[in-house]
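All remarks here apply to the structure that follows.
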Amino acid sequence: MSYDLIVIGTGPGGYVCAIRAAQLGLKTAVVEKNPTFGGTCLNIGCIPSKALLHASELFEEAAHAFPKMGIGVGTPKLDLGAMMKFKDEGVAGNVNGVAFLLKKNKIDTFQGTGKVLGAGKVEVKGADGKTQTLETKSIVIATGSDVTRLKGVDIDEKRIISSTGALTLDKVPGKLLVVGAGVIGLELGSVWRRLGAQVQVVEFLDRILPGMDSEVARQFQRILEKQGMTFKLGAKVASVDTSGKRLKAQVEPAAGGAAETVEADVVLVAIGRVPYTENLGLKEAGVALDTRGRVNVDPHFATSVPGIYAIGDVIAGPMLAHKAEDEGVAVAEILAGQAGHVNYDVIPSVIYTYPEVASVGKTEDELKQAGIAYNAGKFPFTANGRAKVNMQTEGFVKILADAKTDRVLGVHIVGPDAGNMIAEAAVAMEFGGAAEDIARTCHAHPTLTEAIKEAALAVAKRAIHM
Ligand code: FAD
Ligand code: NAI
């Protein structure tokens, strides 16, 4: 069999790349080792976690917000089995959707583990151990990432779990100890707290959400604490004793010192993800990796071996589905002779908790460090009419604009629906917009988006409702 392009991996990077390549007339095939398409994101990442976040948010709202709005439904009862079924159905709908799209675009699909045998050759090893070799002009590696393990703490996905186990627990743990105050720890920690678990988060650094704007992170931590989550910052889990009925974690100060024992029913290890290149034959094929095990690529996603490209979580950059997708489109367009490009300055990032946290562009910390002069405009949701009437007033919008040109450099939102609202900021930034442009754009009333307009006005110190 001979192709123009073979994509290894069908996560959001791989399947989107294959579809774009097929649209542009390239004879395309994908190789996937999992029984279903869609990768981490659709099977054990974005989609199932958002299903549980949605359901658990409504569960909590039914208990706490409904009575205040005059809706009497009594104390909501949790049917965890049914909630998991709801999540699984959502996943099935999505992965089947990808299978449909691949077929619709006449992309050949190979089930099995792909191995690069060198430029132009991919071996596929099926579950039955049989191998076949495919020929192709170009190869795109889109094999994604895997859970980072914690030394001395063995994940069994029952009592000591990764994000994958946290999406399938069959009962609500009495106490959940989360290791890592990153995106996974806070999202999945929120799910289980809402469903009744006591949640404690141990974080190595002295702050949550490294990389996020530090003012946003501080305020968000206070909100999570008000919801009942507790934090132990500047600490790490050294070991977990699994011998008793309850787990006993040894928690040490990050800087060293005496350990304390923290008991828990379940420990969630959420300390990051690592690029996945196992059994891919990269070393033998001469494909260079960087010091963190990521595939090295140039600005056109080309690896050190001509004809072999890589995208998504397996290369440098934020491990986000939409970043992988945009790289997939860009490399397909490059292979078809077009000018594919990803603007890494405008990649939004969202944490789907309540309230949500969303950001795009530079943080205030980054601007300070780079010595870039900026004006900040801030607007709290307590002053937004829609947020007030909905009783959803926690958080704020912050817009950072270049002091000389007024060009928007970064937007940070803690608040209800922040994940949808950040799109407006991304569009403005992609067009090179100024805070003034956002401030002069008519925003519908009453909407939460008016807080963005007001923050833009606040950049020039002329917010109306504050
Ligand atoms: P992946 O989605 O990891 O796909 C790689 C695919 O390659 C897999 O299907 C794998 O089976 C296959 N593969 C690997 N090796 C081989 C081989 N040798 N042969 C054949 N197939 C192979 N990101 C967001 O943007 N928003 C979110 O809300 C979000 N939520 C997340 C929640 C969780 C719990 C997790 C774990 C991640 C989340 N992410 C989220 C991150 C997101 O899932 C990843 O950034 C994204 O999936 C990366 O896409 P990818 O295509 O690079 O790789
Ligand atoms: P992360 O990188 O977001 O956070 C890991 C946290 O663990 C960091 O705060 C880090 O300082 C801490 N840590 C590291 N080692 C530690 C140790 N030994 N003890 C205590 N703390 C330690 O990684 P996370 O949450 O595992 O997520 C992985 C990736 O998945 C992220 O890069 C994220 O981009 C992606 N993701 C995205 C989501 C979204 O977009 N909403 C949702 C979930 C995951």
Side-chain angles (χ1 to χ4, degrees), residues 7-17 30-50 52-53 95 110-116 122-125 141-148 150-151 153 162-164 166-167 178-189 201-212 217 232-238 251-252 254 268-282 310-315 317-325 327-328 347-353 356-358 419:
V7 184
I8 307 180
T10 63
Y15 87 77
V16 168
C17 174
V30 293
V31 183
E32 174 55 60
K33 71 178 169 60
N34 276 353
T36 53
F37 302 117
T40 303
C41 178
L42 274 65
N43 291 280
I44 51 165
C46 326
I47 294 298
S49 62
K50 264 77 261 182
L52 291 182
L53 278 156
V95 299
F110 293 89
Q111 212 76 49
T113 303
K115 187 174 175 183
V116 178
V122 174
E123 179 193 86
V124 183
K125 187 176 188 177
I141 298 164
T143 50
S145 62
D146 193 11
V147 172
T148 301
L150 186 56
K151 216 171 138 220
V153 180
S162 70
S163 55
T164 307
L167 295 168
V178 177
V179 191
V183 197
I184 291 180
L186 301 184
E187 283 190 354
L188 294 175
V201 184
V202 174
E203 164 60 46
F204 188 80
L205 301 174
D206 59 1
R207 56 164 292 174
I208 68 167
L209 292 175
M212 275 273 172
K232 204 168 178 49
L233 302 181
K236 61 180 182 197
V237 170
V251 179
E252 286 175 0
L268 165 61
V269 178
I271 58 166
R273 293 180 64 83
V274 282
Y276 185 79
T277 54
E278 230 166 80
N279 302 322
L280 249 183
L282 296 187
I311 56 166
D313 279 12
V314 81
I315 67 170
M319 288 183 165
L320 295 172
H322 40 283
K323 176 257 192 191
E325 288 188 32
E327 289 176 344
I347 295 189
S349 159
V350 180
I351 305 166
Y352 297 85
T353 42
E356 291 183 344
V357 181

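We count ligands from 1, going down the list as the structure has it; atoms in each ligand are counted the same way. Note that the structure is predicted; figures quoted are calculated from it, not measured.
Remark: side-chain polar atoms of Glu32 are not paired, donor with acceptor, to backbone N or O of Phe37 under 3.5 angstrom. Distance alone, capped at 3.5 Å, places no donor-acceptor pair between the Glu252 side chain and the Val237 backbone. For the pair His322 (side chain) and Pro348 (backbone), a donor-acceptor distance under 3.5 Å is present. A donor-acceptor pair under 3.5 Å links the side-chain atoms of Thr148 to the main chain of Arg273, judged by distance alone.
Protein residues with a heavy atom closer than 4.0 Å to ligand 1 are Ile8, Gly9, Thr10, Gly11, Pro12, Gly13, Gly14, Val31, Glu32, Lys33, Asn34, Gly39, Thr40, Cys41, Ile44, Gly45, Cys46, Ser49, Lys50, Gly112, Thr113, Gly114, Ala142, Thr143, Gly144, Ser145, Ser163, Ile184, Arg273, Tyr276, Leu280, Gly312, Asp313, Met319, Leu320, Ala321, His322, Ala324, Tyr352, listed by chain and number. Ordered by chain and residue number, the residues placing a heavy atom less than 4.0 Å from ligand 2 are Lys50, Leu150, Val179, Gly180, Ala181, Gly182, Val183, Ile184, Glu187, Val202, Glu203, Phe204, Leu205, Pro210, Ala235, Lys236, Ala270, Ile271, Gly272, Arg273, Met319, Leu320, Val350, Tyr352.
The nearest pair of heavy atoms linking Val251 to Ala235 is CG1-CB, 3.9 Å. Between Thr353 and Leu53 the shortest heavy-atom distance is CA-CD2, 4.5 Å. When all heavy atoms are compared, the tightest approach of Val31 to Thr113 is CG1-C, 4.3 Å.
The pair Glu187-Lys50 counts as a salt bridge, with a side-chain nitrogen and a carboxylate oxygen less than 4.0 angstrom apart.
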Item to check | Stepwise side-chain hydrogen bond (donor to acceptor under 3.5 Å, both in side chains) test for Asn43 and Thr36 | outcome: CA-CA 8 Å; Asn43 291 280; Thr36 53; 2.6 Å; yes
